[in-house]
A.B. asks: 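Mind looking over this structure? Questions follow.
Just so it is clear, the values below take in all heavy atoms, side chains as well, and ignore hydrogens, waters and symmetry mates. This structure is a prediction, so every number in the text was calculated from the model and none was measured.
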Amino acid sequence: MKVLFVAGDPKPERWTVPIKQLLPEADIYVWDPDGPAINADYAIVWQPPAKLFERETRLKAVFNLGAGIDGLLKVPNLPADLTVVRLEDAGMSVQMAEHVLHQILEVSRQMELYRDQQRQRLWKIHRPISRKEWPIGIMGLGHIGKRVASTLASLDYTVNGWARSEHTVEGVRTFAGNGQLGEFLGATRVLVNTLPLTSETENILNYDLFSQLQPGAVLINVGRGEHLVEEDLLRALDEEKLQRASLDVFRKEPLPAGHPFWERTDITITPHISARTLRDATLEQITGKIRDHASGHPITGIVDIARGY
């Protein structure tokens, strides 16, 4: 069995050494853009070059080093019949739940106000939180979205979820499809985006959508930067359609120094850290699936290329 690592890491041995330890029966190769074809059986990739699929024509499956596969699906010559497998969780969903909860608590429990009082040496207690005033809506109910939703529901928040198709999450009221999007938004004050990036979800976070949220709304975007129409966010904040926004993903990363988001006190910026890929858990999952696939056993996480997730 030949496994090709294609991720552009300047120190690929950080990945290939543990891959070999977990999959000793395989020969492990590192992508060489100028090298010959190795006739790999499997490829482990992150935003691979188009040249990969020109050269390696015997691939049985390609495994993505992340849950988001939009970068892989953008490769123009990705074979339509190739099995594409995304990363499932691998420690990311709990990180995302922590991050989202932190951002919610910052605004709902007025943590910035208390930090300001500390600087003033001011002891003043404000009204405690009423969770009924902070209904949360989760857009996207994959592994990550469901973990975020269930975590918040366990803390007695009112949590709604919306996705393209129907889902069931304990303690969460769910909505499905464009026909129920308006009702979902009307029931939401804190909007959390965990959607995959597809042609249908690009630019979904726009002025029209913000206008349908409850008063004093808050946006938390941990999906993709391309989900957000940046000019619409600024307009919604200026017109008080939104109270504030927490952004972890951007159309261009790193966010340029001259970008207007940096100047806004009503926007919280984090550098795409809401859920980091954990190498050990990731490689255990991927190598296990490679072994199962090679043995003819069914695996999960296979992407519907036509749908984009």
A.B. asks: Would a single hydrophobic cluster contain both Leu247 and Val190, if residues Ile, Leu, Val, Met, Phe, Trp and Tyr are joined by side-chain heavy-atom contacts under 4.5 Å?
C.D. replies: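 No.
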
A.B. asks: Under 3.5 Å, is there a donor-acceptor pair between the Thr268 and Arg244 side chains?
C.D. replies: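 Side chains of Thr268 and Arg244: pair found under 3.5 Å.
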
A.B. asks: Short question: side chain of Lys289, backbone of Thr300 - any donor-acceptor pair under 3.5 Å?
C.D. replies: yes

A.B. asks: Say you draw a straight line from CE of Met139 to CG of Asn160; how long is it, rounded to the nearest 0.5 Å?
C.D. replies: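 Spacing of CE (Met139) from CG (Asn160) equals 12.5 Å.
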
A.B. asks: Side chains of His126 and Gln110 only: does a donor on one sit below 3.5 Å from an acceptor on the other?
C.D. replies: no

A.B. asks: What's the verdict on side chain to side chain donor-acceptor pair (under 3.5 Å) for Glu231 and Tyr207, showing C-alpha distance, side-chain angles and the deciding distance?
C.D. replies: CA-CA 9 Å; Glu231 297 81 3; Tyr207 183 81; over 6 Å; no

A.B. asks: Please round to the nearest 0.5 Å and tell me the distance separating atom CD1 of Ile305 and atom OH of Tyr309.
C.D. replies: 14.5 Å

A.B. asks: Ignoring hydrogens and angles, state whether a donor on the side chain of Asp9 or Trp15 is under 3.5 Å from an acceptor on the partner side chain.
C.D. replies: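 Short answer, yes.
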
A.B. asks: Are a donor atom and an acceptor atom from the side chains of Gln214 and Thr188 found within less than 3.5 Å of each other?
C.D. replies: no

A.B. asks: With side chain to side chain contact (heavy atoms under 4.5 Å, CB included) as the criterion, how do Val30 and Thr16 come out once you've worked through the C-alpha distance, each side chain's angles and the decisive distance to 0.1 Å?
C.D. replies: CA-CA 8 Å; Val30 176; Thr16 56; 3.6 Å; yes

A.B. asks: Take Trp134 and Thr158 through the test side chain to side chain contact (heavy atoms under 4.5 Å, CB included) and record every step on the way to the result.
C.D. replies: CA-CA 7 Å; Trp134 295 93; Thr158 298; over 6 Å; no

A.B. asks: Using 0.5 Å steps for rounding, measure from the CD atom of Glu25 to the CG atom of Asp27.
C.D. replies: 10.0 Å

A.B. asks: May I ask you to check whether Tyr42 and His293 place their ring centres under 6.0 Å from each other?
C.D. replies: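 That pair passes the under 6.0 Å test.
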
A.B. asks: Could you measure the distance from the CG atom of Leu242 to the CZ atom of Arg189? Nearest 0.5 Å is fine.
C.D. replies: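 These two atoms lie 11.5 Å from each other.
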
A.B. asks: Would you check if the side chain of Glu88 reaches a backbone N or O of His143 as a donor-acceptor pair within less than 3.5 Å?
C.D. replies: no

A.B. asks: Could you go through the side chain to side chain contact (heavy atoms under 4.5 Å, CB included) check for Asp41 and Arg58 one step at a time?
C.D. replies: CA-CA 6 Å; Asp41 299 292; Arg58 299 184 184 179; over 6 Å; no

A.B. asks: Decide whether a cation-pi geometry holds between Arg173 and Trp162; the criteria are a distance under 6.0 Å from NZ or CZ to the six-membered ring centre and an angle within 45° of the ring axis.
C.D. replies: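 Output no; distance or angle outside limits.
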
A.B. asks: Going from CG on Asp232 to CD on Glu230, what distance comes out if it is rounded to the nearest 0.5 angstrom?
C.D. replies: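 So the CG of Asp232 and the CD of Glu230 are separated by 10.5 Å.
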
A.B. asks: Does a donor on one side chain sit under 3.5 Å from an acceptor on the other, for His227 and Asn193?
C.D. replies: yes

